[in-house]
Every structure is written in C-alpha cells, then in structure tokens.
Novice: 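This structure is in structure tokens; I'll ask about it shortly.
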Amino acid sequence: MVVSLTDKRLRAILLVAPMVIFLAVSFLAPLTIMLVRSVHEPAVAEAIPATLEALADWDGLALPDEEQFRIAGKEFVALHQARSLGAVATRVNRLQSGLRSTMLSTAQQLGDEPPTGSWREAMISSDEKWADVSSWLALRRAGERYTPRFFLNALDLDRGAADEIIMQPEDRRIYVRLLLRTFLLSVAITAICLVLAYPVAWLLVRAHPSRAGILLMLVLVPFWTSLLVRTTAWIVLLQNQGVINDLLVVLGILAEQQRLSLIHNMTGTMIAMVHVLLPFMILPLYSIMRTIPMRHMQAAASLGASFWQSFYRVYWPQSLPGVAAGSLLVFIMSIGFYITPALVGGRTGQLISSMIAYHMEQSLNWGLAAALGVILLVAVAMLYLIYNRLVGVDRLSLGG
C-alpha cells in the first residue's frame, strides 16, 4: 500500500500536536498573560469612566472644577454602594499612599449625606487630600489602560507632575537592590558550583567503573529527595543551636557564646542553594568529560608539558562546552529560586522571587509582579544571546 506525502505530513502533525498544545497551554499562554499584565491595567478605567473622561482635559496644575468633583463624587458613591470601590481604591493607593481610605471614607460620607451645595467643598471637607493636586494626578494615572508605571516601579522609578521620570523616595527603593542581589548571588553560586563540581566530575571520569557508579549515585541522591525536605534539613544543620554549631563547640573550635549565625541570612541562602544546584553543574561537566580522551593529556605530557600546562592548554578548552552548559543552567535556576531563600534566607537573604510571590499572593499587585518577571525573562534572554555569541548554541551539549 502506497502512503501519500500528504498522509505522511498529517501523521507527523498529529504526532507533534500534543506537545505543541501542551507548550501552548503551559508556557506560551502564561507568558503572554504575564507580558500583557505588565503594561495593561483596565480595572480603574472600567470602574470610573466618566471621571477619567472629565479629567482628560484637566491641565493637572490647579484643582479640578466643580463639575469634575461632582462626577467623581457620584461615581465613588455608586461604586461604594455596589461594594466595588475597594478594588479601585486599592489600585489608586499604589500610586499615592493613603488614597484608599480617603476614597472609601469620602464615598461613605457622600452616600449618607449627599451634598446639596458644592460637591467640591463637600469632598474637601470630608478629606483634605482632595485639595491636593497630586491626589487627582494619581487618580488619573491609575485610570490609564496601558501604562509603563509597573516597569518604572520595578526599577524604583516614578513619574513626576510633568510626566518626567524621577527616582522613587529613598525608603521605597527596594526592587533594584533586590535585582542586583539576585544577579550577584546567582553569579556567586554559579562560580562556587563550578569550583566544587569540576574536580568531582574529573574524579567520576577517572574512577574505576564500579566506584564511578557509586559516586554517580551519590551525586544523584539529591534528585530523589524533595526540595522542601533538603531545605528543611539545612535549617536543622545551620541554626544557632544546630548540628554544625554544636559540633564546632564540642571540638573546641568555637566558644559557646561565639556560635556562628548561619541561618536566616545570605550565608544560609548560599549554602543551601549551592547544595541543591551542585548536581546541575556536575552532570553536564561529567557528560562532556567522558568524551575527552585521556590520551590527549598523555600526549601533552610526552611532549614535556607539566600536568597544569596539559590541563590548561589541552583538557580545559575541551571541557568548556560542559562548563558553559552547567553554568548557564545553574545561573538561570538561581535567578528564579524561591523556596530555599524564602525558608533559610530571612530578611537579608531574600531574592527578587520572594517579592514576586508577595505581589502575586498578598498585595495582589499582579502588574508589578508581571513587570518583575518580565525583567528576569529579559535578563535570561540576554544571557542566552551572550552565550550564543561567545560559545554557540550548537555547542550546548551534554555529551554522549
């Protein structure tokens, strides 16, 4: 029976269709939603359209006029009666602290006693913040459907009264510091993993096959243990009254009052993350080193090269694909690590992933969380491009 070319293509499409659908649902759709969330915030615009339309022609220098106060006041009252003002006020409050309570109290007061005279005077008498131009600017900016403010906030920036880009107040500059800490810690963990993993991979390659199997099994043991269990074990080991400090005291290395602070700080985060990520560096190195013939080193030695000369000029260049693959893998995983820093990091050992989780689960500021996620995504993409430029993706191999 002859199978036509069209039937072959159809079968090929049907074979890859489940994978394509899975990637679209589990990766592309969430990624698209995150990208849209980082610049799109329609909730306020949909809740108070008349107020935003009235403020569209406002110059932003003096207070709005009586008609604009009246329109805003009526929409606040209507939303309060529909019990939907809180969500709107929360979003406005992100641009200027204190406006949530101002909007709620004003709407309640106007709803109980509708003004018979000036809405402007009634709203200002209910809360003096309505006499501040910045409150109305925050209200108008919160109503922008497409806005760069989440990315500005993620970079500790803001917009001034004239829409110029300005720095956030000193006490609100937290995200750039966390991003720098995350990147620097990821670089440090990658370097430590490389230093520790390279000799282990070398030993695995040079060991007798029976011993190499046992050693490889020990490397793989962490994969068989829950990440939460491993992190909890480090808490037991590193705490002030933990196993490591007790051992140092028993051996006389430290006095009782000199116990080391190894937990709930950057030290604990680095130790726990290096332990978790070390196998991801060892395995790519081991796979590449298996393909490097040892006779290359022997040939270099026969030509008069010392061990270190042979290693640096012959063995190390051939192992670079494994170094690059392991470093890329560990660095990317370090950037997005959440559970381990959250449990052992404390206040000084937290990374940007903890702040993303906070905005997703507690503050519900999904736009800011999405913007922080996009920044990490762009950083990883840039790292990939740099790797492709310097090493080449075609050399990203785990051996064979």
Side-chain angles (χ1 to χ4, degrees), residues 36-153 158-164 166 168-169 172 359 362-371:
V36 172
R37 285 274 189 181
S38 64
V39 295
H40 187 222
E41 179 65 280
V44 177
E46 293 172 354
I48 53 172
T51 300
L52 295 174
E53 184 179 356
L55 293 176
D57 298 329
W58 173 52
D59 59 10
L61 300 177
L63 284 177
D65 57 30
E66 172 64 25
E67 180 63 14
Q68 291 166 333
F69 267 91
R70 184 187 66 81
I71 294 174
K74 285 190 173 183
E75 281 200 316
F76 292 166
V77 171
L79 287 173
H80 181 67
Q81 292 174 348
R83 296 187 177 181
S84 55
L85 181 60
V88 176
T90 298
R91 287 170 168 80
V92 178
N93 193 75
R94 293 168 185 164
L95 277 74
Q96 183 165 321
S97 180
L99 282 184
R100 186 180 191 278
S101 59
T102 296
M103 293 176 66
L104 292 176
S105 61
T106 299
Q108 182 176 2
Q109 183 173 335
L110 294 177
D112 295 339
E113 300 178 7
T116 56
S118 170
W119 281 80
R120 179 173 179 169
E121 293 179 0
M123 291 181 66
I124 293 177
S125 63
S126 67
D127 197 305
E128 293 183 355
K129 286 187 178 180
W130 294 121
D132 189 352
V133 173
S134 63
S135 300
W136 293 94
L137 286 172
L139 182 64
R140 186 169 68 177
R141 287 174 181 167
E144 297 173 345
R145 290 179 179 270
Y146 294 93
T147 174
R149 69 173 180 272
F150 297 122
F151 282 102
L152 292 177
N153 290 341
D158 200 357
R159 286 189 294 177
D163 277 345
E164 74 277 14
I166 60 175
Q168 291 272 14
R172 299 187 64 180
H359 287 305
Q362 298 185 40
S363 73
L364 302 182
N365 191 349
W366 293 351
L368 181 54

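Numbers here are sequence positions counted from 1. Only a predicted model underlies this, so the values are computations on that prediction, with no experimental measurement involved.
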Novice: If the condition is salt bridge (Lys or Arg N to Asp or Glu O under 4.0 Å), which residues does Arg70 pass it with, not counting sequence neighbours?
Specialist: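 If we apply the salt bridge (Lys or Arg N to Asp or Glu O under 4.0 Å) test to Arg70, skipping adjacent residues, the hits are Glu67.
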Novice: Taking side chain to side chain donor-acceptor pair (under 3.5 Å) as the definition, give me every residue that meets it alongside Arg91, ordered by chain and number, with sequence neighbours left out.
Specialist: Glu41
Novice: Give the table of side-chain donor-acceptor pairs shorter than 3.5 Å for residues 71-82, with sequence neighbours excluded, one pair per line with atom names and distance.
Specialist:
from  : atom 1 : to    : atom 2 : distance (Å)
Glu75 : OE1    : Thr51 : N      : 2.9
Glu75 : OE1    : Thr51 : OG1    : 2.5
Glu75 : OE2    : Ala50 : N      : 3.2

Novice: Please identify each residue that fulfils salt bridge (Lys or Arg N to Asp or Glu O under 4.0 Å) with Arg37, with sequence neighbours left out.
Specialist: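 Arg37 satisfies salt bridge (Lys or Arg N to Asp or Glu O under 4.0 Å) with no other residue.
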Novice: Taking only residues two or more places apart in sequence, or in another chain, which ones meet Trp130 in a side chain to side chain donor-acceptor pair (under 3.5 Å)?
Specialist: Thr106
Novice: Mind checking what makes salt bridge (Lys or Arg N to Asp or Glu O under 4.0 Å) contact with Arg145, not counting sequence neighbours?
Specialist: Glu46
Novice: Report yes or no: does Arg140 contribute a side-chain atom to a donor-acceptor pair with the main-chain N or O of Trp58 at less than 3.5 Å?
Specialist: yes
Novice: Ignoring hydrogens and geometry, is there a side-chain-to-backbone donor-acceptor pair from Asn93 to Leu99 under 3.5 Å?
Specialist: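 It does hold such a pair.
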Novice: Output all residues satisfying side chain to side chain donor-acceptor pair (under 3.5 Å) with Gln168, sequence neighbours left out; order by chain, then residue number.
Specialist: Asn153
Novice: Scan residues 57-66 for pairs that pass salt bridge (Lys or Arg N to Asp or Glu O under 4.0 Å), counting only residues two or more places apart or in two chains.
Specialist: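 Found none.
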Novice: Scan residues 121-134 for pairs that pass salt bridge (Lys or Arg N to Asp or Glu O under 4.0 Å), counting only residues two or more places apart or in two chains.
Specialist: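 Matches after skipping sequence neighbours: none remain.
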Novice: Around atom CH2 of Trp366, are there more than 12 heavy atoms from other residues, nucleotides or ligands closer than 6.0 Å?
Specialist: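 Atom CH2 in Trp366 is not packed in, count stays at 12 or less.
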Novice: Quick one: list whatever passes ring-ring contact (aromatic ring centres under 6.0 Å, His included) with Phe150, sequence neighbours left out.
Specialist: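 Phe150 satisfies ring-ring contact (aromatic ring centres under 6.0 Å, His included) with no residue once adjacent residues are dropped.
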Novice: With His359, which residues qualify under ring-ring contact (aromatic ring centres under 6.0 Å, His included), at least two apart?
Specialist: Tyr175
Novice: Kindly write out the residues that satisfy side chain to side chain donor-acceptor pair (under 3.5 Å) with Glu144, not counting sequence neighbours, or none if the list is empty.
Specialist: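 Expected list: Thr147, Arg159.
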Novice: Roughly how far apart are Met123 CE and Ser135 OG, rounded to 0.5 Å?
Specialist: 10.0 Å
Novice: Please report the C-alpha distance between Asn365 and Arg94 in whole Å, then the side-chain angles of each, then the deciding distance to 0.1 Å, and finally whether the side-chain contact (heavy atoms from CB on, under 4.5 Å) criterion is met.
Specialist: CA-CA 9 Å; Asn365 191 349; Arg94 293 168 185 164; 3.5 Å; yes
